[in-house]
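Just below is one structure, and these are the notes that go with it.
In this chain, numbering begins with 1 at the start of the sequence shown. Quick note: numbers below take in every heavy atom, side chains included, and nothing from hydrogens, waters or symmetry partners.
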Amino acid sequence: MAELVWEGKYDAGGHRRAPLKAALPFQTVETVNESAQQRQHALDLYSASKDPEWRNRLIWGDKKYVLPSLLPEFAGRVDLVYIDPPFASGQDFSLPVRLNGDDFVKEPSLIEVKAYRDTWGKGLDSYLIWFADSVQYLYELLSHNGSIYVHLDWHVGHYAKAILDEVFGQDNFRNEIVWHYYNKFQGNVNRFASNHDVIFWYSKSDEYSFTPQKEKRPEGKVKQLRREWDSKEGKLVNTKDEQGHVVYQETDERTADDVWRVPMLQPADRTENLGFPTQKRRSIVERIIRASSREDDLVLDCFVGSGTTAEAAELLGRRWIACDLSRFSVHTTRKRLLRVENVTPFEVQNLGKYERQLWQESEFGSDAEARTVAYRKLILDLYKATSLEGSAWIHGVKSGAMVHVGSVDAPVTMSDVTNIIVEASRAVGPAKGNPAAIDVLGWDFAFEVHEVASQKAAEANISLHFVRIPREVLDKRAVEQGDVLFFELAALAVNASVKKQTVTLKLTNFVIPVDDVPEDVQNRIKKWSEWIDYWAVDWDNKGDAFHNEWQAFRSRHNEKLDVQTSHAYSAPGTYRIVVKVIDILGNDTTKTIVIEVN
């Protein structure tokens, strides 16, 4: 068999380079649409050390970490994979965001730019490395009877097929499906217009699942032989009556072949079109799911984009795992799923601190003390602060402000902030005049920190600023090229009122740092609530993951947003309410409120 070779496929010794196989634990950061009864049942199973019930999964993270981390639990257990990876078509991660009836372009985050740069930075060679690694993981995840559908176009489809042949075997190539979208307007081009994509279907073995699919005939009804699928023969056979005569029928349907004549989504299609640049019609994915999986089978899409595969799998009664690098894609998918009536509960996950721990050890070595010192120095350098030695909680200075660097494996907590304030107060002496300033840098922050800590600091005449350490720090190339930017956390104000056993929440203000917001977007904001795209409430948080029990969000169908909601408790007691807000750029902010119900 001929082999496609690219730079980086083999190491200096001539051995095939193996993809990264570090399996990291997933962290559940949110559970969506789970009732109080389901939540308690899950806690009971956990307390009894029993396996939890299945939850569909929406995962935010880089595929090079997410896919190998799925292997310990799901190797050989995924029944169907559909992926719609980048085509090298010039599209990037820029997205249209709706604001006051108009779209503005959300520029890609640096982590998304980094992903595109990793994929295409060295041209075709780097793409092939990235694609081959992804396909190898997916092969291992697929069950013996499983199938993979890879959606591409003319840019790299022929190269991708050579890799798929190598990983899955030429004998397991089932179809090259042509999606002919006849309604794509391309204007005047000096060649034949490109009006189709290709979808390569491979099975893992010759024992795969397949159900022929029907489609409407464009010419209307015709008379034809009635045929049915014979599972023993593995093919369509003529239907016969009791006397053995061939049966004819009049029908407006036909069995779908390998050319799918399905129009592209158009802007006017407001029922399905989310304005996502690479969004595909749900009917395309539904046909694939119906053809190559059965009810309750597990479907995986690691380029979920706007959530088409997750929604299609949900509607067709399949279990699903959906992954994407883009935080905005994960948010778009969550909103899309919440529009599905009675959507089954699902979890939002990431790799969080475990990915950072792996990075820290590989970057700075195994000695814990030396590793911590080197890590803090890197963060301070990137923040353009000067290191400060001999202090446990104050690690640097920048423009007159003291700087604390949070650890990679834990959120900044109220206890941390108390220690920071005590140490800072000793350093500056009795409070006089203007307050001392402290910048608290962290990867994550405990729910209650922002408001409670700021108030406590103000009492000590200290001004606290909470700054998130960006994920781009983990990328050496982003660091070397100066692509690391730090942004201050947003602040959320919520009023809570209690009447008997009913609690009413009302959002009263939302202040977002605007350093990373384009000026034209800032100018369109007339009221604080216009920054908010979505908010949700966990009415009885128990210190675990955020349980999304109520939500309101904007959509292309309804751009208005309610800022008030109520909840009736079934019993008196003390309840911890967590409110989560996601702004129009896809960033989240939380606030914790403790209330007494009589």
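By the side-chain hydrogen bond (donor to acceptor under 3.5 Å, both in side chains) test, D444 is found to be paired with R356, residues two or more places apart in sequence or in another chain being considered. For D409, the side-chain hydrogen bond (donor to acceptor under 3.5 Å, both in side chains) criterion is met by S407, not counting sequence neighbours. Scored by the side-chain hydrogen bond (donor to acceptor under 3.5 Å, both in side chains) test, E30 finds R334, N548, K580 as partners (sequence neighbours excluded). Partners of W535 by side-chain hydrogen bond (donor to acceptor under 3.5 Å, both in side chains), not counting sequence neighbours: none found.
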Using side chain to side chain contact (heavy atoms under 4.5 Å, CB included), reason through D439 and L441 one step at a time and then give a plain yes or no. CA-CA 6 Å; D439 294 346; L441 279 52; 4.0 Å; yes
Working note: V32 + L58, criterion side chain to side chain contact (heavy atoms under 4.5 Å, CB included); need CA distance, chi angles, decisive distance, verdict. CA-CA 10 Å; V32 182; L58 178 57; over 6 Å; no
R371 vs E363, salt bridge (charged side-chain N to carboxylate O under 4.0 Å, His left out): CA-CA, chis, key distance, verdict: CA-CA 8 Å; R371 185 172 65 225; E363 191 74 15; over 6 Å; no
Would W130 and Y159 count as a ring pair (Phe, Tyr, Trp, His ring centres under 6.0 Å) here? Give the steps. CA-CA 12 Å; W130 170 86; Y159 295 107; over 10 Å; no
Working for side chain to side chain contact (heavy atoms under 4.5 Å, CB included), residues L507 and I532: CA-CA 10 Å; L507 307 187; I532 300 174; 3.8 Å; yes
Could you go step by step and tell me if R471 and E355 meet the side chain to side chain contact (heavy atoms under 4.5 Å, CB included) rule? CA-CA 10 Å; R471 193 169 179 273; E355 182 181 356; 2.5 Å; yes
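W320 does not carry R57 over the face of its six-membered ring by the limits of under 6.0 Å from the centre and within 45° of the normal. At least one test fails for K335 against the ring of Y534: distance under 6.0 Å to the centre or angle within 45° of the axis.
Atom CZ of F74 sits in a crowded spot, with more than 12 heavy atoms from other residues, nucleotides or ligands closer than 6.0 Å. For K377, the NZ atom counts as loosely surrounded, since its 6.0 Å shell holds 12 or fewer non-hydrogen atoms of other residues, nucleotides or ligands.
Across all non-hydrogen atoms, the minimal contact from L67 to L141 is CD2-CD1, 4.1 Å. Between V408 and Q357, the shortest heavy-atom contact is CG2-CG, 4.2 Å. Residues T589 and A490 come closest through the heavy atom pair OG1-CB, 3.5 Å. In this structure, V578 and F546 approach most closely via the heavy-atom pair O-CE1, 3.3 Å. For the pair L70 and L300, the tightest heavy-atom approach, listed with the atom from each and the gap, is CD1-CD1, 4.4 Å. Here the shortest heavy-atom pairing between A460 and I421 reads CB-CG2, 4.0 Å.
Between the side chains of Q349 and T28, at least one donor-acceptor pair of N or O atoms lies under 3.5 Å. Remark: the S329 side chain and the H331 side chain contain no N/O donor-acceptor pair separated by less than 3.5 Å. Side chains of S387 and R376: no donor on one and acceptor on the other come within 3.5 Å.
Here CG of D324 is found 9.5 Å from OG1 of T332. Values are rounded to the nearest 0.5 Å. Atom CG of L142 sits about 13.5 Å away from atom CZ of R77, to the nearest 0.5 Å. Taken from CG in D84 to CG in L152, the straight-line distance is 8.0 Å, to the nearest 0.5 Å. Interatomic distance, E347 CD to T31 OG1, rounded to the nearest 0.5 Å: 5.0 Å. The distance from atom OG1 of T590 to atom CG of D588, rounded to the nearest 0.5 Å, is 7.0 Å. Here CD1 of I59 is found 9.0 Å from OG of S69. Values are rounded to the nearest 0.5 Å.
Sorted by first and then second residue, the ring-ring contact (aromatic ring centres under 6.0 Å, His included) pairs involving residues 365-394 (not counting sequence neighbours) are Y383-F486, W393-H404.
Looking at heavy atoms from C-beta onward, F553 lies in side-chain contact with L338 at the 4.5 angstrom threshold. Contact of the L378 side chain with the F364 side chain is registered, since non-hydrogen atoms from C-beta on lie closer than 4.5 Å. Contact annotation: the side chain of L380 never approaches that of T386 to less than 4.5 Å [non-hydrogen atoms, C-beta and beyond]. Between V494 and L492, the closest side-chain pair of non-hydrogen atoms falls below 4.5 Å. Residues W539 and Y575 fail the side-chain proximity criterion, which asks for heavy atoms closer than 4.5 Å. Counting heavy atoms from C-beta on, the side chains of V412 and V417 come closer than 4.5 Å. Counting heavy atoms from C-beta on, the side chains of I321 and N56 never come closer than 4.5 Å. Side-chain atoms of I394 and L388, non-hydrogen and from C-beta on, do get closer than 4.5 Å to each other.
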Pairs under 3.5 angstrom only: tabulate donor-acceptor contacts from the side chains of residues 14-27 to other protein residues two or more places apart or in another chain.
residue : atom : partner : partner atom : Å
R16     : NH1  : E166    : OE2          : 2.9
R17     : NE   : G8      : O            : 3.0
R17     : NH2  : D133    : OD2          : 3.4
K21     : NZ   : E140    : OE1          : 3.4
K21     : NZ   : E140    : OE2          : 3.2

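The backbone N or O of T413 sits less than 3.5 Å from a side-chain atom of D416, completing a donor-acceptor pair. At distances below 3.5 Å, at least one donor-acceptor pair connects side-chain atoms of R336 with backbone N or O atoms of S306. With hydrogens and angles disregarded, no donor-acceptor distance shorter than 3.5 Å links the side chain of D62 to the backbone of Y65. Side-chain atoms of D533 never come within 3.5 Å of backbone atoms of I584 as a donor-acceptor pair (strictly under, hydrogens ignored).
Between W443 and Y354, a ring centre-to-centre spacing not shorter than 6.0 Å is recorded. Checked against a 6.0 Å centroid threshold, the rings of Y127 and W6 do not count as neighbours.
Exactly one residue among T309, V66, L138 makes a side-chain contact (heavy atoms from CB on, under 4.5 Å) with C302. That residue is L138.
A salt bridge between R468 and E488 is absent, with no side-chain N of the basic residue lying under 4.0 Å from a carboxylate O of the acidic one.
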